[in-house]
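A quick write-up on the structure given underneath.
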Amino acid sequence: MLVPNVMERQIPFARAEDLFAQIREDGINGLKRNPIEDARTLISILEQRGFTFNIQQRTKIPDIPTLIVANHYLRAPLSRLRQPIMTRTKALSTSAEVILTTSVIVAGMENFTNRKVTWFQKGEINPSIMGFQCVDRESQQAFLSVYDSIPVFKNSKTLQTTVRLIRSFRNGGNVILYPEGSVRLAKPEGIKYIMHPGSLREFNRSLSALVEIVVRNGFQVVPVSAYSKGKEYFAVFHEPIKDSTGTSQQAELIVTKVQSALPKTLHGYYKGGINIKPQVQQ
């Protein structure tokens, strides 16, 4: 069991919808929240609805500032319609999915650290696509503010991103990164992506330079594989990367480890092999 049985601890919210309503309210009022406690709460609520959470840790992970690199996992839309996480959020919303995956990872990190955690998150919050709002933008905006996440904008430079990351580490915290970036349909996957929407997409090439700087400054990188089968969620924490072996080799090692614990149907972009070209730092 990932967290204490729901009967052994008091849950401040009866439904996930109530938790999200409070997050939105706190975001509007400029208040801050504890992401670790909210992750515990969300998972406990979902356990009452029959969800289970399986956390695996491949080896002992040192308790030092850590960059968690995880795949950007989403369930299939039809699965989300059959098993909605929260009725307040649109049925096809990716917001709830990303928040759930992040919560599983955050709670799983408690096995080796109690450090404050933040994560990189898309900075642009588009109000709609062709006039149709398909995701809960209020929740997205609230999460940008209440948890001190690191916003990444389209024109963000690698150096700017790295400065924010190292600052978080030097303040004693951990950071979560989804190097696939967007959850949109991505070429060259095409129809294969539609058939398996949780499959790996191409990792952002700036990952190479980012990881090199993290390791060179004495911190570590831990790859994580996240996926689900029905109502069971999995998060596999792999061996940490702490040695400098070259930028492209480090990035390839991360993808290899993430891919290794995923079902073959989710190998996606890297199904035919892994070859990451490093991006020159800007």
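Start at 1 with the first residue, then count along the sequence. Because the structure is predicted, anything quoted here is derived from the model rather than measured.
Using a 4.5 Å cut-off between side-chain heavy atoms of Ile, Leu, Val, Met, Phe, Trp and Tyr, with links allowed through other members, I64 and V175 fall into different hydrophobic clusters. Note on L200 and L253: same hydrophobic cluster, where clusters join Ile, Leu, Val, Met, Phe, Trp and Tyr whose side-chain heavy atoms are under 4.5 Å apart, directly or indirectly. Note on I45: it clusters hydrophobically with I105, by side-chain heavy-atom contacts below 4.5 Å among ILVMFWY residues. No chain of hydrophobic side-chain contacts below 4.5 Å, direct or via other Ile, Leu, Val, Met, Phe, Trp or Tyr residues, connects V236 to L262. A continuous path of ILVMFWY side-chain contacts below 4.5 Å connects F13 to F20, so both sit in one hydrophobic cluster.
Not a single donor-acceptor pair under 3.5 Å links the side chain of H72 to the backbone N or O of E180. Counting only distance, with no hydrogens or angles, the side chain of K231 and the backbone of R49 share a donor-acceptor pair below 3.5 Å. S44 contributes no side-chain N or O that, together with a main-chain N or O of L42, makes up a donor-acceptor pair within less than 3.5 Å. Here the side chain of Q220 pairs no donor or acceptor atom with the backbone of P240 at under 3.5 angstrom. A distance-only check finds a donor-acceptor pair linking the side chain of K32 to the backbone of S145 [under 3.5 Å]. Side chain of R201 to backbone of S199: a donor-acceptor contact under 3.5 angstrom is found. One N or O on the side chain of R115 and one on the backbone of G172 form a donor-acceptor pair closer than 3.5 Å. Between the side chain of N204 and the main chain of S206, a donor-acceptor pair closer than 3.5 Å is present.
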Derivation of the side-chain contact (heavy atoms from CB on, under 4.5 Å) call for V104 and I55: CA-CA 8 Å; V104 174; I55 301 298; 3.8 Å; yes
Worked verdict on M109 versus I176 for side-chain contact (heavy atoms from CB on, under 4.5 Å): CA-CA 10 Å; M109 291 169 64; I176 298 174; 4.3 Å; yes
Check against side-chain contact (heavy atoms from CB on, under 4.5 Å), R40 and N34: CA-CA 10 Å; R40 293 195 197 107; N34 184 332; over 6 Å; no
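Within the model, atoms CG of L165 and OG1 of T118 stand 10.0 Å from one another, a figure rounded to the nearest 0.5 Å. K271 contributes atom NZ, which lies 11.0 Å from atom CG of L266 (distance to the nearest 0.5 angstrom). In this structure, OG1 on T162 lies 4.0 Å from CD1 on I213, to the nearest 0.5 angstrom. One distance of note links CD of Q249 with CD of E252; it measures 7.0 Å at 0.5 Å rounding. Summarising the geometry, atom CZ belonging to F219 is positioned 13.5 Å from atom NZ belonging to K242; distances are rounded to the nearest 0.5 Å. Put simply, CD on Q57 and CD on E239 are 10.0 Å apart, with the number rounded to the nearest 0.5 Å.
Counting all heavy atoms, side chain and backbone alike, L46 lies closest to L100 at CD1-CD1, 3.4 Å. The nearest pair of heavy atoms linking A261 to S225 is CB-OG, 3.5 Å. Of all the heavy atoms in P263 and H267, the pair that sits closest is O-CD2, 3.3 Å. Shown here for A251 and S208, the closest heavy-atom pair between the two residues is CB-OG, 3.4 Å. P35 and V106 get closest at one heavy-atom pair: O-CG1, 4.1 Å. Nearest heavy-atom pair, R33 versus D38, reported as atom, atom and distance to 0.1 Å: NE-OD2, 2.7 Å.
Using bins of under 30°, 30° to 60° and over 60° for the plane-to-plane angle, the ring pair F203/Y270 lands in the perpendicular bin. Ring pair F237/F112 is perpendicular by interplanar angle, where above 60° counts as perpendicular and below 30° as parallel.
Between Y178 and W119, the distance from one ring center to the other does not fall under 6.0 angstrom. Ring-centre distance between Y227 and Y73: not below the 6.0 Å cut-off.
In this structure, I150 and L177 have side chains that are not in contact, with every pair of non-hydrogen atoms separated by 4.5 Å or more. Residues I43 and Y233 have side chains not in contact (no heavy-atom distance under 4.5 Å, counting atoms from C-beta outward). T113 has its side chain out of reach of T66: every pair of non-hydrogen atoms, C-beta onward, lies at least 4.5 Å apart. Side chains of N174 and I68 form no contact here, defined as non-hydrogen atoms less than 4.5 Å apart.
Of the residues L67, I241, N71, the one that meets the side chain to side chain contact (heavy atoms under 4.5 Å, CB included) test with P223 is I241.
Side chain to side chain, Q22 and D18 fail the donor-acceptor criterion of an N or O pair below 3.5 Å.
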